Student: 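Once you've had a glance at the structure underneath, I'll fire off some questions.
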Amino acid sequence: MENVEEKKPLNFIEQIVEEDLKADYSTDKLKFRFPPEPNGYLHIGHAKAFCLNFGLGERYNAPVNLRFDDTNPSKEEQEYVDAIKHDLSWMGMKWEEECYSSDYFQQLYDWAVLLIEKGKAYVDSQSSEDMATQKGTPTKPGVNGPFRDRTVEENLDLFTKMKQGEFKEGEHILRAKIDMTHANMLMRDPIMYRVMHKSHHRTGDDWCIYPMYDWTHGESDYIEQISHSLCSLEFKPHRELYDWFLDQVHDEKLRPKQREFSRLNLTYTIMSKRKLMQLVEENLVNGWDDPRMPTLSGLRRRGYTANAIRKFIDTAGVSKRDQMIDVALLESCIRTDLNKSTNRIMAVLDPIKLVITNYPEGETEIVVADNNPEDENAGQREMVFSRELYIERNDFLEECPRKVFKLGIGKEVRLKHGYIINGEEVVKDADGNVVEVRCTYDPKSKSGSGSEESKRKVKGTLHWVSASHNVSAHVNVYDRLFTEENPDGDKEVDFKTLINEDSLSVLSNCKVELALKEAKPQERYQFQRLGYFCVDDDSTSEQLIFNRTVTLKDFWAKKTK
RNA sequence: UGCCCGAUGGUGUAACUGGCAACACGUCUGUUUUUGGUACAGAAGAGUCCAGGUUCGAGCCCUGGUCGGGCAACCA
């Protein structure tokens with residue numbers, strides 16, 4: 001077991017840490033952080049980031065802080081803080097300290113004053129349009145604005161007044177004084193503070209100036225003494241600024257370093273928080289925890305386990321290339337997990353009545369079945385077998401070829417845990433729809449009886465429930481949310497036009513085994529031959545609701561497509 | 001017409017830092033099976049973006065290209 005762990009090659013971030021350890025770092029200096037902005041729910045892309053950070057913490061027995069990057073009160077809310085903490089806990093992540101960038105507002109302010117005093121920051125009083133023009137473009141250097149050379153005194157005075165609320169939003173901002181011609185656009189006098197007359201979810205109305213990301217992040221890392229500040233690739237150009245800001249305040253304490261890795265993308269879904277928010281706000285899905293969402297809360301409601309998600313992240317790996325991971329890998333992870341852990345149950349999603357004409361009327365018998373053939377300790381359960389049953393509509397084909405694993409007229413099939421039956425006739429309504437299938441059974445073929453008849457090879461085994469011994473249920477059948485592998489891929493195409501119309505089908509006439517009568521939210525089962533299902537959060541004993549997590553691997557379905 | 005990343009089977013990640021490209025998912029075959037599941041056995045699929053160079057030897061190093069991604073919010 002440990003050998004397997006040892007053998008696993010280090011990802012490039014772990015290699016960086018190892019090299020630092022060999023050079024001037026000692027293990028006790030290692031410290032990491034996961035810094036979500038509380039402006040939305042965590043999704044599986046975030047899972048990569050926090051699994052990396054918390055994984056590093058575990059590997060080196062180093063602390064990992066949870067730090068909410070809450071510098072923009074117009075977007076951030078307590079609701080998201082709570083949801084993020086809940087999701088992280090569910091994923092089994094244990095943080096050292098719960099921190100907030102807003103905890104450092106005073107320190108950040110004091111440092112900003114220091115920068116002004118050193119002539120490294122100034123108050124600009126132009127419109128954002130003018131500043132944008134002066135900033136130039138990636139290929140054209142910027143030019144200095146008219147307020148760039150204000151005196152320290154004037155800057156101090158203005159900045160103080162900004163803080164005291166004497167200005168309206170947009171009137172003044174504080175910028176770092178770096179280089180308007182720098183090849184890196186981020187170094188062209190980046191904004192450090194803006195005036196915002198908004199209440200903050202933690203600091204209330206204490207502040208009306210709020211620091212920007214670049215000014216806040218590295219300094220927060222420094223305050224918390226984070227050794228390795230890991231973020232996604234789009235922040236690579238920010239590293240230069242991260243380092244510049246650190247240069248301004250750094251003394252002898254440990255200096256954090258930013259390193260970047262690529263984000264995780266999954267086929268047939270989107271990871272943009274902004275777009276996920278749009279789906280929620282425009283009611284294109286039923287909330288952040290809609291089981292079709294790639295959010296952790298959505299996956300949880302869908303029936304995914306934290307274990308499977310961790311395994312998936314681990315298998316996907318960490319690198320600097322853009323990754324678009326096949327959702328089939330995620331599905332493989334949850335199947336592997338659930339195969340071992342869930343009890344099997346029989347459920348008929350689209351029932352059609354099956355009458356065994358030679359089975360004595362009014363009689364019933366108990367059949368016994370293993371709960372999980374993959375787990376000897378899972379025990380057994382009992383089911384009622386009777387003359388009238390329900391089978392899957394789709395498991396009957398009037399004229400059924402021999403090689404197809406279904407019931408047909410004149411074609412035999414086995415009822416799982418029950419008897420072998422032979423199709424005799426169909427009953428149809430006026431429109432020609434099959435409303436009932438009539439068959440005969442071989443009384444000597446009972447499963448597990450050991451009789452010659454029971455051992456007969458039969459093409460096909462069907463699941464069933466007794467017509468008068470079952471529980472009704474609703475089942476939500478989910479499919480991928482988008483019709484395209486990369487709905488976010490084409491800037492010309494609105495991702496919302498790529499939503500899969502059939503991503504949710506609600507089946508309201510399902511019949512499940514009596515054993516599920518008291519099933520509680522979050523319980524997971526394998527409905528035999530159909531897939532893995534999870535009891536929905538809204539399920540009650542009056543109205544059972546199941547969500548399909550994932551189908552069983554099904555070659556037949558693929559072939560017939 | 002700038003700067004910064006990246007490029008290995010369909011997808012993702014490896015290759016002991018220069019020694020005849022491996023693992024997982026997916027695909028396909030077969031065996032077992034009272035789930036067309038699981039398990040097991042096996043196969044196909046890349047010669048590492050291109051062109052030079054260094055070297056006995058290059059996916060790894062060097063040079064020059066090509067392609068893909070990112071960078072101009074008072075967002076993070």
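Since the structure is predicted, the reported quantities are computational estimates derived from the model, not experimental observations. Convention: sequence-line order gives letters A, B, ...; per-chain numbering from 1.
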Student: Of the nucleotides B/rU35, B/rC5, B/rC71, which has the atom closest to the A/Lys236 side chain?
Tutor: B/rC5
Student: Can you check the distance between B/rC50 and B/rA44, where both ends of the measurement are the P atom (answer in whole Å)?
Tutor: 23 Å
Student: If anything within 90° of 0 is syn and all else is anti, what is B/rG68?
Tutor: anti
Student: Roughly how many Å apart are B/rG59 and B/rG18, using the P atom of each and rounding to a whole number?
Tutor: 13 Å
Student: What does the list of N/O pairs under 3.5 Å between the protein and nucleotides 73-76 of chain B look like, with a distance for each?
Tutor:
from, atom 1, to, atom 2, distance (Å)
B/rC74, N4, A/Gly170, O, 2.6
B/rC75, OP2, A/Arg194, NE, 3.0
B/rC75, OP2, A/Arg194, NH2, 2.7
B/rC75, O3', A/Arg194, NH2, 3.3
B/rC75, O2', A/Asn72, ND2, 3.1
B/rC75, O2', A/Lys75, NZ, 3.2
B/rA76, OP1, A/Thr71, OG1, 2.5
B/rA76, OP1, A/Arg194, NH1, 3.4
B/rA76, OP1, A/Arg194, NH2, 3.0
B/rA76, OP2, A/Tyr213, N, 2.9
B/rA76, O4', A/Glu37, OE1, 3.4
B/rA76, O3', A/Asp69, OD2, 3.1
B/rA76, N6, A/His238, NE2, 3.2

Student: Between the side chains of A/His463 and A/Glu392, does any donor sit under 3.5 Å from an acceptor?
Tutor: yes
Student: Rounded to the nearest angstrom, tell me the gap between atom CG in A/Leu233 and atom P in B/rA7.
Tutor: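 Nearest whole value for this atom pair: 11 Å.
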Student: With ring centroids as reference points, do A/Phe546 and A/Phe527 lie under 6.0 angstrom apart?
Tutor: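 Here the rings of A/Phe527 and A/Phe546 have centres that are less than 6.0 Å from each other.
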Student: Is the shortest side-chain N to carboxylate O distance from A/Arg263 to A/Asp322 below 4.0 Å?
Tutor: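 Answer for the salt bridge query: no.
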Student: Between B/rG12, B/rG36, B/rC71, spot the one nearest the side chain of A/Met324, thanks.
Tutor: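 Of B/rG12, B/rG36, B/rC71, B/rG12 is nearest to the side chain of A/Met324.
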Student: By nearest atom, which of the nucleotides B/rG37, B/rA15, B/rU1 is closest to the A/Leu552 side chain?
Tutor: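 Per side-chain heavy atoms of A/Leu552, the pick is B/rG37.
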Student: Closest to the A/Ile325 side chain: B/rG12, B/rU17, B/rG36?
Tutor: B/rG12
Student: Answer with base, sugar-phosphate or nothing: what part of the nucleic acid does A/Glu240 contact at a heavy-atom distance below 4.0 Å?
Tutor: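 The residue A/Glu240 makes no contact with any strand.
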Student: Does any donor-acceptor pair link the side chain of A/Arg321 with the base of B/rU8 at a separation under 3.5 Å?
Tutor: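 Result: at least one qualifying N/O pair found.
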Student: For A/Arg524 and A/Thr549, test the side chains for any donor-to-acceptor distance below 3.5 angstrom and give the result as yes or no.
Tutor: no
Student: From the set B/rC25, B/rG2, B/rU13, return the single nucleotide nearest to any side-chain atom of A/Leu329.
Tutor: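 Comparing B/rC25, B/rG2, B/rU13 against the side chain of A/Leu329, the answer is B/rC25.
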Student: On the nucleotide B/rG6, are OP1 or OP2 found under 4.0 Å from the side-chain N or O atoms that A/Lys320 carries?
Tutor: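 A/Lys320 to B/rG6 OP1/OP2: side-chain N or O found under 4.0 Å.
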Student: What is the minimum heavy-atom distance between A/Tyr390 and A/Ser466, and which atoms define it?
Tutor: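 Closest approach of A/Tyr390 to A/Ser466, heavy atoms only: CD1-O, 4.5 Å.
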Student: Suppose you measure atom P in B/rA39 against the same atom in B/rA46; what distance do you get, rounded to whole Å?
Tutor: 27 Å
Student: Base, sugar-phosphate alone, or nothing: which one does A/Glu374 contact when heavy atoms must sit under 4.0 Å apart?
Tutor: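 Contact class for A/Glu374: base.
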Student: Among the nucleotides B/rG12, B/rG69, B/rA72, which one has an atom lying closest to any side-chain atom of A/Asp322?
Tutor: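 For A/Asp322, the side-chain atoms sit closest to B/rG69.
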Student: Could you tell me how far apart A/Phe405 (CZ) and B/rU35 (P) are, to the nearest whole angstrom?
Tutor: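 The distance from CZ of A/Phe405 to P of B/rU35 comes to 10 Å, rounded to the nearest Å.
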Student: Would B/rU17 be called syn or anti here, given the cut-off of 90° from 0?
Tutor: syn
Student: What nucleic acid atoms does A/Arg344 come within less than 4.0 Å of, heavy atoms only: base, sugar-phosphate, or nothing?
Tutor: base
Student: Will you find, in the side chains of A/Glu374 and A/Asn372, an N or O donor that is under 3.5 Å from an N or O acceptor?
Tutor: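 Judged by distance alone, the side chains do not pair up.
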Student: For the side chain of A/Ala328, starting at C-beta, report the closest nucleotide among B/rG36, B/rG37, B/rG26.
Tutor: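 From the listed options, B/rG26 comes nearest.
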Student: Measuring from the side chain of A/Asp326 (C-beta onward, heavy atoms only), which nucleotide among B/rU11, B/rG36, B/rC3 has the closest atom?
Tutor: B/rU11
Student: Could you check whether A/Arg148 pairs with A/Asp189 (Lys NZ or Arg NE/NH1/NH2 to Asp/Glu carboxylate O, under 4.0 Å)?
Tutor: yes
Student: Kindly point out which of B/rA72, B/rU13, B/rU38 is positioned nearest to the side chain of A/Met185?
Tutor: B/rA72
Student: Select one nucleotide: of B/rU8, B/rG26, B/rU35, the one nearest the side-chain heavy atoms of A/Ser332.
Tutor: B/rG26
